[in-house]
Structure formats: C-alpha cells, structure tokens
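Order of appearance sets the numbers: ligands from 1, and atoms from 1 within every ligand.
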Amino acid sequence: MTDTEVRPTTSALPTTTLPSPSSVLDDARHQLAEAICILGYDEGLHSVLATPRREMTVAVPLRHDDGRHEVFLGHRVQHSLSRGPAKGGIRYSPHVSLDEVRALAMWMTWKCALLDVPYGGAKGGVALDRSALSLPELERVTRRFTSEILPIIGPERDIPAPDIGTDERVMAWMMDTYSVASGYTVPGVVTGKPLNLGGSRGRASATSRGVVHVALRALEHAGITGSERTAAVQGFGKVGRDAARFLAEAGIRVVAVSDQYGAVYADGGLDIGELALHVDRTGGIPGFIGGDVLPLADLLELDVDLLVPAAVESVITAENAPRVRARVVVEGANGPTTTEADRILAERGVLVVPDILANAGGVVVSYFEWVQGNQSYWWHEHDVEVRLAERMSRAWDDVTGTARTRGLSLRSAAMCLAVERVADAHQLRGLYP
Ligand code: NAD
C-alpha cells in the first residue's frame with residue numbers, strides 16, 4: 001500500500017477490552033515455577049531462569065504529519081541468551097507494557113529451546129495504536145524505535161520479527177535503519193522481511209502452518225477423526241487468517257471466526273477466501289454476508305471439535321473456561337489461557353496444546369530465514385515446508401512422549417523439556433565470573 005492509498009477504516013468499528021498484562025507475567029512465572037518443581041531444580045537456578053537477562057525501555061518521540069509531537073514508550077526485553085542470540089517479535093499495541101513484554105520474552109526462550117533452534121528469547125513492543133497513525137508516521141516511529149534499541153540488537157545479538165500490529169514492511173524499515181547505521185546491508189538483523197529483501201519463502205504463513213500441523217496431530221491424538229470435524233478460530237490476523245484457511249483446506253469445517261470488531265458463524269462452514277477479501281476491503285469481520293453475526297465472547301464457547309485462540313493473551317479465563325465446549329484447544333496466540341483456566345480445562349478433559357509448541361512454526365521459519373541470509377543461499381518453498389513439518393512433528397512427538405512417560409499435561413511436558421534444555425545450556429557454560 002502506498003501513502004496515498006486509502007486504508008480500511010477500522011476506527012469506526014467497536015473494539016473489545018483486553019486483559020490486564022500483569023496477569024500474563026504471573027501466568028508465565030507460574031508455568032516456570034511448576035516446571036522447576038517437577039524438575040527438582042533449586043531456588044538459585046529458578047531465579048536465574050526467571051529473571052530477564054537484559055531490559056531496555058526507551059522513549060520514542062514522533063513528529064506527526066500535522067507537526068504535533070507525541071512520545072510513545074517502547075521496550076525490548078532479552079530474557080535469555082544461554083542458547084544463542086535472543087529472538088522474538090515486536091508488537092505495536094496500546095496495551096504493550098513492560099510486564100507483558102517480559103512474559104512474552106520468557107515464552108520465546110522456552111519456544112526456541114523446545115523447537116531446538118539455537119536462540120535465546122526476547123520480545124519488544126511500543127505502546128501505540130497503529131490504526132491511528134499514517135504510513136509515514138508508522139515509518140518514523142519504527143525507525144526511531146529501531147535506532148533507540150540499536151545498541152542491543154543485531155544478527156548475532158538479538159533478532160526481531162513481526163508480532164501483533166507489525167508486518168514485513170515494518171521489518172524492512174527496521175532492517176534499513178540498522179543497515180544505514182552500520183554502513184552496509186545487514187539482512188540478518190530481523191526476520192519476517194519481504195521476499196525481495198531476503199525474507200524466506202513460507203515465512204508469512206509459517207506460524208499458521210505450524211498451528212494446523214499440530215492441530216491435526218492433536219485431533220488424531222484425541223481420537224477425533226472423520227470428515228465432520230469442526231473448528232472455531234479467534235483472531236483473523238497474520239496467524240488466525242491462514243490457520244482458518246489451512247484448516248479448511250485440510251477438510252475441517254471452520255464454522256466461526258472472529259476479530260477484535262466482531263464474529264461470524266456459519267453452520268455449514270465459512271468461505272475463508274471470501275471472508276479474507278471482505279476483511280481486506282472493509283478492515284474487519286462485521287458486515288460479512290457469508291454467515292450470521294455471533295457475539296464475540298460466544299466464539300470461545302461453541303460446540304466444536306477444535307478451538308484455535310489466535311488473537312491476544314488471557315482470553316480463556318476462570319470465568320469462561322467451564323463453558324468451553326471444544327474438545328481440543330490449540331493455542332495459536334501466546335498465553336491465551338490463564339493459569340486457573342488451564343486447570344479447569346484439564347479437569348474437564350479438554351486437550352490443550354500449549355503456545356510454545358502450537359505457534360512455534362513462525363520462529364522455526366525465522367530461523368530458516370536467518371540461516372539462508374547468513375549463507376546468502378535461498379531455499380525453495382517446498383524445502384521450507386518439509387523442514388518446518390519435520391521440526392513440528394519432532395517437537396510434537398517429544399512433548400507427547402514426555403507427557404506420557406512423566407504423566408504430565410502437554411503444557412507441563414513442553415515446559416519441562418524446554419526449561420531442562422535452557423538450564424543445561426546455562427550450567428554447561430557456567431556462571432561468569
Ligand atoms: P495480528 O495483529 O496480525 O492479528 C491479531 C488479530 O486478533 C486481529 O485480527 C485482531 O482483530 C484480532 N483480535 C484482537 N483482539 C481480539 C479479541 N478480543 N477477540 C477476537 N479477535 C481479536 O497479530 P498476529 O501476528 O496474528 O498474532 C496473534 C497472536 O499470535 C499473538 O498472541 C502473537 O503473539 C502470536 N504469535 C504470532 C506469530 C506471528 O508469526 N505473527 C508467531 C507466534 C505467535
């Protein structure tokens with residue numbers, strides 16, 4: 001889209017309230033504490049693993065198109081560097097806070113370890129409403145944030161990627177800003193770049209492919225087979241949209257989809273391609289004529305085989321978990337299930353595939369992009385897809401195998417595997433000085 005193109009006006013659409021971010025950090029800390037307890041680690045090691053290695057909070061001043069100045073707050077948190085450079089997305093959302101970024105950085109550490117990619121974990125974000133900025137404003141804010149965090153990022157240090165509210169265009173500006181400061185082109189500083197700037201084939205849809213890969217394994221694991229399987233997907237952004245598409249392509253009837261503005265339901269299954277065209281045209285799901293309007297909150301409580309929360313954190317809570325009727329929940333988003341809700345779902349026999357496994361496809365192909373960039377040698381899309389499927393399958397087998405042998409939930413098994421790998425790397429390296 002160019003500066004002069006008209007963007008869909010989403011500001012006229014009603015939005016929803018979001019969870020308190022500090023509870024997300026509590027959830028992340030609770031998951032770690034539980035794994036520490038199962039693994040029998042001492043409090044010293046626990047505090048090393050619980051504490052972010054490096055945090056940077058910066059002011060990001062923006063000169064608006066009308067000359068006004070506004071200052072946003074940005075953060076970059078590197079939770080762990082024990083297994084390699086830090087890796088994690090950049091989020092643009094009014095709800096970004098340091099605690100939220102800390103939680104997301106910690107989850108990135110476990111995700112990279114679980115999928116055995118040679119990275120630590122990081123996350124970043126700027127507290128802003130992207131839809132309120134023009135394209136030139138978005139570019140200026142991105143370039144200024146990048147230059148503020150420049151001392152701690154780099155292809156060997158910390159490699160950002162897209163997350164909520166950011167995309168390949170934002171990554172291109174970040175890469176360019178870093179490269180201008182370096183005096184030469186440094187494609188490896190970010191992943192999720194446009195193809196023409198060294199992005200990997202298959203990166204844009206990798207998270208969704210991974211989600212659907214494990215969703216199909218999870219349905220099979222739960223004994224849900226046959227041609228009448230149904231799904232509901234919350235979120236229709238970079239993850240949810242392609243997840244819905246791939247599910248439909250795999251023969252699953254996607255009966256409901258939502259975004260922050262509304263939800264739509266069709267008993268016979270939604271036409272995801274038509275819905276995507278409608279959202280591109282209007283900016284949101286409301287007004288789509290291929291289904292019935294559904295109250296937003298009802299999507300999570302539909303009687304479906306598979307529920308894919310792929311929007312934001314803390315949407316399945318102690319309040320609504322007793323009413324979740326899906327047999328399998330596959331966490332496309334990071335942290336969509338609170339600690340208390342997780343316990344309720346487990347008691348009710350709902351199979352929950354945790355975020356650090358379910359949505360890891362993005363970081364796996366980000367790793368492929370980084371490898372390709374370092375070697376200046378580009379793979380075919382088919383190679384990317386085959387290697388992604390192999391890694392997701394291996395991680396699924398590792399997690400379900402550990403869950404079986406240790407008698408754990410999939411989340412606890414995934415956490416134990418990941419925490420063990422990070423702790424091992426930390427102990428092998430030793431503590432300096
Ligand atoms: P995005 O900004 O592209 O899309 C987010 C979507 O969620 C939008 O459709 C938005 O309207 C919708 N949404 C927001 N609040 C909602 C609500 N209350 N109810 C229903 N829908 C709501 O973001 P994304 O990149 O798709 O990320 C979604 C989630 O997946 C986040 O938790 C992110 O951290 C996680 N994730 C993303 C990637 C990636 O590669 N993009 C990788 C791993 C995990």
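- Considering backbone and side-chain atoms alike, Lys111 places every N or O at 3.5 Å or more from each N or O of ligand 1.
- Below 3.5 Å of separation, one finds an N or O of Gly237 facing an N or O of ligand 1.
- In summary, the atoms of ligand 1 found under 4.0 Å from a heavy atom of Arg203, numbered by their order in the structure, are 40 (O).
- Salt-bridge annotation for Asp158 and Lys87: absent, with no side-chain N of the basic residue lying under 4.0 Å from a carboxylate O of the acidic one.
- Separation of the Trp396 and His221 ring centroids falls under the 6.0 Å cut-off.
- Atoms of ligand 1 lying under 4.0 Å from any heavy atom of Gly332, numbered from 1 in the order shown and given with element: 30 (O), 35 (C), 44 (C).
- Ligand 1 lies less than 4.0 angstrom from a heavy atom belonging to Gly235.
- Close contacts between ligand 1 and Gly165 involve ligand atoms 2 (O) [criterion: under 4.0 Å to a heavy atom].
- Side chain to side chain, Thr337 and Asp342 fail the donor-acceptor criterion of an N or O pair below 3.5 Å.
- Taking each of Asn359, Val239, Val233 in turn, the one with a heavy atom nearest to atom 26 (O) of ligand 1 proves to be Val239.
- Ion pairing of Glu331 with Arg411 is present here, as a side-chain N (NZ or NE/NH1/NH2) and a carboxylate O approach within less than 4.0 Å.
- When all heavy atoms are compared, the tightest approach of Gly361 to Leu388 is CA-CD1, 3.7 Å.
- Nearest-heavy-atom check against atom 25 (O) of ligand 1 across Lys238, Gln234, Glu331 picks out Lys238.
- For the pair Arg91 and ligand 1, a heavy-atom separation below 4.0 Å is found.
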(request) Just do the side chain to side chain contact (heavy atoms under 4.5 Å, CB included) check on Arg169 and Thr142 with the steps written out, would you? (result) CA-CA 10 Å; Arg169 186 172 44 195; Thr142 298; over 6 Å; no
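- Shown in contact with Ala310 at under 4.0 Å from a heavy atom are these atoms of ligand 1, numbered in order with element: 28 (C).
- Comparing Phe236, Tyr261, Tyr92, Trp107 by heavy-atom distance to atom 9 (O) of ligand 1, the nearest is Phe236.
- At a threshold of 4.0 Å, the pair Glu301-Arg323 counts as salt-bridged, since one of the basic side-chain nitrogens sits closer than that to a carboxylate oxygen.
- Evaluated by nearest non-hydrogen atom to atom 11 (O) of ligand 1, the leading choice among Met108, Lys123, Gln260 is Gln260.
- Nearest to atom 35 (C) of ligand 1 by heavy atom, out of Val279, Val363, Asn334, is Asn334.
- Residues Val304 and Arg325 are not in side-chain contact: their nearest non-hydrogen atoms beyond the backbone lie 4.5 Å or more apart.
- Between the side chains of Gln31 and Trp110, no donor-acceptor pair is found at a separation under 3.5 Å.
- With respect to Glu55 and Arg76, no salt bridge is recorded, no charged nitrogen being found less than 4.0 Å from a carboxylate O.
- Remark: ligand 1 atoms within the under-4.0 Å shell around heavy atoms of Ser258 are 20 (C).
- In this structure, Arg130 has no heavy atom closer than 4.0 Å to ligand 1.
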